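Note sheet for the following structure.
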Protein chains: 2
Amino acid sequence: MTSPALTKNQTLVFDVLTKSESALSAYTILDKLRDNGFRAPLQVYRALDKLLEHGMVHRLESLNAFVACAHQQSACCGSHGHGTVAFAICDSCGHVIEFHDHEVDHRLDDWARGQRFKPEKRTIEIRGLCESCA
Amino acid sequence: MTSPALTKNQTLVFDVLTKSESALSAYTILDKLRDNGFRAPLQVYRALDKLLEHGMVHRLESLNAFVACAHQQSACCGSHGHGTVAFAICDSCGHVIEFHDHEVDHRLDDWARGQRFKPEKRTIEIRGLCESCA
DNA sequence: GCAATTGATGTAATAACATTACATTTCAAG
DNA sequence: CTTGAAATGTAATGTTATTACATCAATTGC
């Protein structure tokens, strides 16, 4: 998967997420970009849609929030080309750890195959306390 | 885990979910219960909170919707006492399949232990197409 | 060059999901 | 009987996401 050139708004949103320690809601991103001319939620959601398509950003379903993909170019599965992403989310400090587990992926795929279910998108999120907060 | 007697509102909400083919949003439940005297979202959310506590209902994070637990009394892990629940959700017909995979659970627990991350709640959802819709 | 198409943007309004705050009722334990 | 805990009723508000429509910018094909 390639990472095409980003538009101005996409770059702004991506930068905000990249600099953030934790996941951000669309409206939090909006507030951070008011000084850059952002005025409406849709400006954020549109940029996020593209970034999600490109695999550069992930949505945390249990938080209704977004994080920049933690993968480096050199990662095991290629640049943003990986399959399932999983997250551990600290409910205390908000820190998010992105990880991948091929065994889990494989297991879920097996289950789906057995059911003749055709997976499109998987969500794996663990809420809890990180090492620092435990 | 025991299933304590439900209050009137809890029973109404649980019955609506049990009779439904697919997951329902809180507001959809509210509409279905207008004739039973429901007038405000909070009446639904309060009932759902208790039902979630009792493990009789699950929340689908990727859908912001709720389903009755598909587990029977006789299921492998005891009545509503199971650990992680996983779901396959058909994006076409809305059908939800609840399942459990101890291998996946174990694998995620292992990962968490390795990170000294203390899990509280896990979310596993597969969106896609069911056998009938594929 | 220039129309036509496509994708990105700006803005307002609204829809959908969820919680806070506060008053009242129910009901069982003491 | 009363009193304390849990459930309920209601209104208001907060948060997340989308629809609709107008405009602008870059590219393509003629």
Side-chain angles (χ1 to χ4, degrees), chain A residues 2-17 20 22-54 56-67 89 91 94 96 121 123 125 127, chain B residues 2-17 20 22-54 56-67 89 91 94 96 121 123 125 127:
Chain A
T2 57
S3 292
L6 299 180
T7 67
K8 181 167 167 262
N9 285 1
Q10 288 160 21
T11 304
L12 287 167
V13 169
F14 185 64
D15 285 352
V16 165
L17 284 175
S20 171
S22 49
L24 299 178
S25 77
Y27 279 73
T28 302
I29 296 170
L30 174 58
D31 285 340
K32 287 181 184 292
L33 290 175
R34 297 252 180 223
D35 292 344
N36 295 276
F38 274 51
R39 309 185 120 259
L42 194 49
Q43 297 176 289
V44 177
Y45 282 111
R46 284 205 274 230
L48 285 172
D49 282 347
K50 289 298 177 191
L51 294 168
L52 288 166
E53 268 179 33
H54 299 152
M56 299 171 68
V57 160
H58 301 295
R59 176 186 169 85
L60 301 183
E61 299 289 353
S62 71
L63 237 42
N64 293 331
F66 304 85
V67 287
I89 303 163
D91 287 328
V96 175
K121 166 112 176 58
T123 298
E125 299 176 14
R127 303 279 294 267
Chain B
T2 57
S3 292
L6 299 181
T7 67
K8 181 165 166 262
N9 285 2
Q10 289 160 21
T11 303
L12 287 167
V13 168
F14 185 65
D15 285 353
V16 166
L17 284 175
S20 171
S22 49
L24 300 178
S25 76
Y27 279 72
T28 302
I29 296 170
L30 174 58
D31 286 339
K32 287 181 184 293
L33 290 175
R34 297 253 181 222
D35 292 344
N36 294 276
F38 273 51
R39 309 185 122 259
L42 193 49
Q43 295 176 288
V44 177
Y45 283 110
R46 284 204 275 230
L48 285 172
D49 282 347
K50 288 300 177 190
L51 293 168
L52 288 166
E53 267 178 32
H54 300 150
M56 300 172 67
V57 160
H58 302 296
R59 177 187 168 85
L60 302 183
E61 299 290 353
S62 71
L63 238 40
N64 292 332
F66 304 84
V67 288
I89 302 164
D91 287 328
V96 176
K121 165 114 177 58
T123 298
E125 298 177 14
R127 301 281 294 268

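In what follows, chains are A, B, ... by sequence order, proteins preceding strands, each numbered from 1. Scope of the values below: all heavy atoms of this structure, side chains included, with no hydrogens, waters or symmetry mates. Because the structure is a prediction, the values reported are computed rather than measured.
Rounded to an integer number of Å, the gap from CG of A:Leu48 to C1' of D:dT18 is 14 Å. Rounded to whole Å, the distance from CZ on B:Phe38 to P on C:dA18 is 16 Å. Atoms CD (B:Glu53) and P (D:dA6) sit 11 Å apart, rounded to a whole Å. Atom NZ of B:Lys8 and atom P of C:dT25 are 15 Å apart (whole Å). The distance from atom OH of B:Tyr45 to atom P of D:dA11 is 18 Å, rounded to the nearest whole Å. Residue B:Leu12 contributes atom CG, which lies 15 Å from atom C1' of D:dG9 at whole-angstrom precision. In this structure, CG of B:Leu6 is placed 16 Å from C1' of D:dT8, rounded to the nearest angstrom. Atom CD1 of A:Ile29 and atom P of D:dT16 are 11 Å apart (whole Å).
For A:Arg46 against C:dG7, no side-chain N or O and base N or O form a donor-acceptor pair under 3.5 Å.
Checking D:dA7, C:dT11, D:dA17 against every side-chain atom of B:Gln10, the shortest atom distance belongs to D:dA7. When distances run from any side-chain atom of B:Arg59 to the nucleotides D:dG9, C:dA18, D:dA17, the shortest one goes to C:dA18. Of the candidates C:dT19, C:dA18, C:dA8, C:dA8 carries the atom nearest the A:Lys50 side chain, counting heavy atoms from C-beta on. Picking from C:dA18, C:dT20, D:dA17 the nucleotide with the shortest atom distance to the side chain of A:Asn64 gives D:dA17. Looking at the side chain of B:Gln43, the nearest of the listed nucleotides D:dT10, C:dA18, C:dT11 is D:dT10. Proximity note for A:Thr7 (side chain, C-beta onward) versus D:dT16, C:dA8, C:dT19: the nearest is C:dA8.
Here the closest heavy-atom approach between residue B:Phe38 and residue B:Leu30 is recorded as CB-CD1, 3.8 Å.
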Assess whether side-chain contact (heavy atoms from CB on, under 4.5 Å) is satisfied between A:Val13 and A:Leu6, documenting all intermediate values. CA-CA 10 Å; A:Val13 169; A:Leu6 299 180; over 6 Å; no
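Under 4.0 angstrom from either OP1 or OP2 of D:dG9 there lies at least one side-chain N or O belonging to B:Asn9.
Residues B:Thr28 and B:Val16 are not in side-chain contact: their nearest non-hydrogen atoms beyond the backbone lie 4.5 Å or more apart.
Nucleic acid contact for A:Arg39: sugar-phosphate only, since backbone atoms but no base atoms lie under 4.0 Å from a heavy atom of the residue.
Salt bridge status for A:Asp49 with A:Arg46: absent, with no side-chain N to carboxylate O gap under 4.0 Å. A salt bridge between B:Arg59 and B:Glu61 is present, with a side-chain N of the basic residue lying under 4.0 Å from a carboxylate O of the acidic one.
Both stacking criteria are satisfied for A:Tyr27 over the base of D:dT16: a centre-to-centre distance under 5.5 angstrom and an angle between ring planes under 30 degrees.
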